[in-house]
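Below: the structure, in structure tokens.
Nothing fancy with the numbering, it's 1 onward along the sequence.
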Amino acid sequence: MRWLVGWSSIAASFGTVGAVGRHGEGRTVHPVGSRLLWGDPDPLWAVGDWRPDEIRVITVATPEGAPTARLAVLGCCGATDEQLRVGLLAARGGALRHLTAWSGSYTAVVQVGRRITVAGDLAGARPVFHTPWANGTAYATAALPLADLIEAQLDIGHLAALLACPETPEALGDGTPYEGVRRIPPGHALILREGSREITGYEAVASLAVAAPQTDPVRAVEGVRDALVDAVRARLTAPRHAPETLPPDPGPVPGMGPAERRAARGAPVPGIGADLSGGSASATLALLAAGLPGLPGTLLGHGTGAGERLLAVTFNDLSTQGHEDEMERARAIAANPRLHHVVVAAGEDALPYASLENGPLTDEPAPSLVVAERHRRRLAAGSADHFVGHGARQVLDAHPARLADLLMDRRRRHILRPVAALARAEGPSTHSLFVPLAVYRAARRLARTSYRTGLETAASVLPEANRDIPGFDTPADASLASLTWSRPGPAARWLTGEALAEVSVRLQEAAFRPASVQRPGEARARAALARHAAGQRILEQAAEIRSQRLHAPFLDNQVVRAARALPESLRVQPGARAAILRRVLAGAGIHELPPGWGTPSQATSTAAGRLGLRAALPDLIALFDAPLLADAGLIEARVVRKALRAASEGEPLPLDGLAELASTELWLRRLVTRRGTCWTGTAAPRQRAVAAGVVPARRTLQS
């Protein structure tokens with residue numbers, strides 16, 4: 001786990017590096033295992049196993065007497081030193097957007113005198129947290145270190161909102177699972193001046209009164225292509241890193257090759273690799289990384305390196321059926337001579353909910369905790385720098401609520417094809433004849449519903465979310481349910497009435513607060529992207545392989561920004577994501593793709609989730625025998641155990657909701673058993689952020 005942390009305080013100087021106590025007494029405290037980037041009066045540290053090239057500090061010479069200006073960029077950034085200097089000068093004048101316009105995935109911190117600016121990303125994969133501390137403000141890219149610093153307890157209300165409305169920013173607010181630790185929204189920056197804090201956005205918000213000018217579809221797709229190519233190029237041109245020294249190879253093992261033995265010892269393969277699942281997103285990244293033209297020092301200007309082949313990893317789940325077409329597409333793509341194909345076969349030991357007791361403590365809870373072992377199996381066979389296609393669906397696809405945006409702009413004809421596709425997905429039935437009319441009415445209702453009315457309606461129906469509500473059996477049902485300003489999450493049906501009432505109050509309060517209201521489709525799409533990016537960050541922590549870096553270019557700032565320029569009329573068409581990525585590959589000189597490329601597939605993941613739940617049912621029942629969530633008043637253990645048994649027997653229950661409950665309970669238990677703190681020094685906090693406060697928190701929830 002890697003993070004940066006610093007603070008800004010009122011006092012001008014404290015004499016020693018990081019010498020800030022809880023009351024400003026001048027006692028030293030600093031993070032464990034840290035590297036100091038700059039010192040007092042506003043110090044900044046990098047903590048964790050950062051690579052040398054992942055930390056860059058630029059200082060601009062200023063006239064004598066002028067405040068010092070310096071910039072720290074942590075992560076993979078494709079900008080040159082000169083571009084960083086130009087960005088620092090622009091940020092010194094207040095142009096924060098320049099800090100987010102470079103290729104790659106990184107966090108930028110600017111210090112000009114006593115003013116500190118920390119820029120978050122657009123997706124939310126690199127968040128920024130802050131908390132009041134020592135007559136000032138501490139900030140970090142992880143919430144747990146700040147919770148340790150202020151000895152915070154759990155925020156049970158936030159956990160309730162996370163389970164009840166995970167894709168509703170109004171319910172979550174700027175909170176975290178820790179009381180007193182706040183998160184800045186995606187697309188915003190934190191500005192600190194001698195302890196005082198300000199949160200400002202650096203992206204323009206679309207107007208509700210005037211429709212945005214339509215970008216030419218061809219130019220918009222070209223923008224996505226250029227951004228994606230630059231994102232991949234930024235990783236390929238970075239210095240290569242070999243895995244750290246591990247125990248020696250034990251020698252030949254029957255049935256295991258060198259790659260399998262290396263994976264068993266926990267070491268990634270040196271070089272560049274990528275997922276190759278047969279889907280459009282991972283295939284696009286693998287083909288771009290393997291054949292991207294124009295890289296210096298490569299054979300004939302192609303490939304990842306002279307004589308080097310990109311390692312393409314395909315995960316083959318032997319416990320489920322129905323993914324034979326994906327495997328065939330992956331094999332066809334891997335026939336490229338610049339790819340070295342490795343198939344990772346896994347059985348029941350890699351199903352969801354496997355090996356729950358072995359995972360690390362992550363910064364926050366996320367549903368990805370129950371599938372961490374499944375991903376770790378695949379990533380262990382990967383490379384030191386590994387591309388993943390996560391985020392492509394949320395960045396490129398159209399949220400169903402965007403149909404309402406089209407109606408607001410009087411572009412009714414553009415909704416004909418997506419509505420017809422939903423009717424075809426229903427199959428030949430009487431119900432399918434009414435799907436187009438039902439979807440059109442729901443989209444028109446959402447277009448005519450104001451932001452305040454939408455939140456008030458959501459708050460009024462949320463307390464009834466734990467009734468026996470049928471699930472979404474068809475794509476049309478899911479789309480109709482998404483055509484609202486806010487809807488309950490899949491885990492809401494198992495929350496207690498008190499927990500739902502608490503979240504309902506949050507929504508009612510948010511409805512009366514002033515906000516920069518966006519169009520409903522755009523707002524829902526950004527919330528879904530932020531939810532996915534947060535889960536991706538936790539997945540990287542839960543499935544972390546030492547010496548390995550996961551790269552998700554679709555979540556990079558410049559890719560997200562280019563994708564937002566795509567016309568909504570292009571997004572909502574069936575198969576839009578595959579068509580866009582096909583054009584991206586064609587623009588990069590890659591034209592030959594296997595038949596069926598871009599075909600969506602979600603049935604196999606659902607089948608794997610049900611099989612994993614059935615196999616791990618005894619462990620899950622034991623997990624919810626005396627759950628901490630029940631002590632907090634969020635669930636009734638008996639109800640959840642009954643739902644687990646019913647789902648394992650094939651009853652159509654939302655498996656995503658059960659995964660969220662299991663992940664949150666698992667995270668709480670790991671937090672309870674944690675020992676130690678992220679800080680050291682004479683004034684370091686002696687306690688830690690613990691889950692022991694969940695029992696007394698029940699009274700707060702019900703009050």
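Pairs engaging residues 347-373 under the ring-ring contact (aromatic ring centres under 6.0 Å, His included) rule: none recorded [sequence neighbours left out]. Pairs passing the salt bridge (charged side-chain N to carboxylate O under 4.0 Å, His left out) check and including a residue from residues 270-281, sequence neighbours excluded, read Asp275-Arg378. Legend: salt bridge (charged side-chain N to carboxylate O under 4.0 Å, His left out) pairs involving residues 347-359, not counting sequence neighbours, sorted by first then second residue: Asp349-Arg377. Judged as a side chain to side chain donor-acceptor pair (under 3.5 Å), the pairs with a partner in residues 359-371 (not counting sequence neighbours) are, in order, Arg183-Glu364, Asp363-Arg537, Glu364-Arg537.
Checking side-chain atoms of Ser663 against main-chain N and O of Ala366 turns up a donor-acceptor pair under 3.5 Å. A donor-acceptor pair is defined here as one N or O able to donate and one able to accept, closer than 3.5 Å; such a pair exists between the side chain of Trp50 and the backbone of Val47. Under a 3.5 Å cut-off, the side chain of His375 and the backbone N or O of Ala543 do not form any donor-acceptor pair. When atom types are taken as modelled, the side chain of Arg571 and the backbone of Ala563 share a donor-acceptor pair closer than 3.5 angstrom. Judged purely by atom type and a 3.5 angstrom limit, Thr100 uses its side chain to pair as donor or acceptor with the backbone of Arg97. Although no hydrogens or angles enter the test, the distance criterion places a donor-acceptor pair under 3.5 Å between the side chain of Gln573 and the main chain of Ser569. A distance-only check finds no donor-acceptor pair linking the side chain of Arg331 to the backbone of His341 [under 3.5 Å]. Side chain of Asp556 to backbone of Gln558: no donor-acceptor contact under 3.5 angstrom is found.
Side-chain contact between Leu555 and Gln536 is present, with at least one heavy-atom pair separated by less than 4.5 Å. A heavy-atom distance below 4.5 Å is found between the side chains of Val344 and Val313. Side-chain contact between Leu144 and Leu361: present, with at least one pair of heavy atoms (C-beta onward) separated by less than 4.5 Å. The shortest distance between side-chain heavy atoms of Val342 and Leu311 falls below 4.5 Å. Two residues are said to be in side-chain contact when any heavy atoms from C-beta on lie closer than 4.5 Å; Trp597 and Ile333 meet this criterion. Between Arg549 and His386, every side-chain heavy-atom pair lies at or beyond the 4.5 Å cut-off.
Contact between Pro594 and Ala332 at its shortest, heavy atoms only, is CB-CB, 3.8 Å. Shortest non-hydrogen contact noted between Pro490 and Glu660 is CG-OE2, 3.9 Å. Closest of all the heavy-atom pairs between Ala283 and Leu276 is CA-CD1, 4.0 Å. When all heavy atoms of Val269 and Ala381 are compared, the closest pair comes out as CG2-O, 4.2 Å. The heavy-atom pair separating Ala607 from Thr320 by the smallest distance is C-CG2, 4.2 Å. Ala330 approaches Thr314 most closely through the heavy-atom pair CB-OG1, 3.8 Å.
In this structure, the side-chain contact (heavy atoms from CB on, under 4.5 Å) partners of Arg614, at least two apart in sequence or on a different chain, are Arg610, Leu611, Ser648. Looking at residues two or more places apart in sequence or on another chain, you find a salt bridge (charged side-chain N to carboxylate O under 4.0 Å, His left out) between Arg374 and Asp317. Here His551 pairs with Phe387 under the ring pair (Phe, Tyr, Trp, His ring centres under 6.0 Å) rule; sequence neighbours left out. Partners of Pro239 according to the side-chain contact (heavy atoms from CB on, under 4.5 Å) rule, which considers only residues two or more places apart in sequence or in another chain, are Asp53, His241. Remark: Ala528 pairs with Glu167, His399 by the side-chain contact (heavy atoms from CB on, under 4.5 Å) rule, at least two apart or across chains. The side-chain contact (heavy atoms from CB on, under 4.5 Å) check on Ala346 picks up Phe315, Ala350, with sequence neighbours excluded. The side-chain hydrogen bond (donor to acceptor under 3.5 Å, both in side chains) test applied to Arg583 returns no partner, not counting sequence neighbours.
Checked against Leu550 for a side chain to side chain contact (heavy atoms under 4.5 Å, CB included), the options Leu379, Asp385, Leu539 give a single hit: Leu379.
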Could you pull out every donor-acceptor pair under 3.5 Å between side chains of residues 74-82 and any protein atom, sequence neighbours left out?
{"unit_1": "Thr80", "atom_1": "OG1", "unit_2": "Gln83", "atom_2": "N", "d": "3.2"}
{"unit_1": "Asp81", "atom_1": "OD1", "unit_2": "Arg56", "atom_2": "NH2", "d": "2.7"}

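Look at Arg235 and Asp230 and you find no salt bridge, because none of the NZ, NE, NH1 or NH2 atoms lies under 4.0 Å from a carboxylate O. Ion pairing between a basic and an acidic side chain is recognised when a charged N comes within 4.0 Å of a carboxylate O; Asp121 and Arg126 show no such pairing. Using a cut-off of 4.0 Å between Lys/Arg side-chain N and Asp/Glu carboxylate O, Glu544 and Arg2 are scored as salt-bridged. Between Glu222 and Arg219, none of the side-chain N atoms (NZ, or NE/NH1/NH2) sits under 4.0 Å from a carboxylate O, so this pair counts as no salt bridge.
For His98, the NE2 atom counts as loosely surrounded, since its 6.0 Å shell holds 12 or fewer non-hydrogen atoms of other residues, nucleotides or ligands.
Taking CG of Leu666 as the reference point, atom CG of Leu661 lies at 12.5 Å (rounded to 0.5 Å). We find the CG-CD distance between Asn336 and Glu592 to be 9.5 Å, quoted to the nearest 0.5 Å. With rounding to the nearest 0.5 Å, the separation of OG in Ser280 from CG in Leu593 is 10.0 Å.
Under 3.5 Å, the side chains of Arg524 and Ser482 contain no donor-acceptor pair of N or O atoms. Side chain to side chain, Ser277 and Ser282 meet the donor-acceptor criterion of an N or O pair below 3.5 Å.
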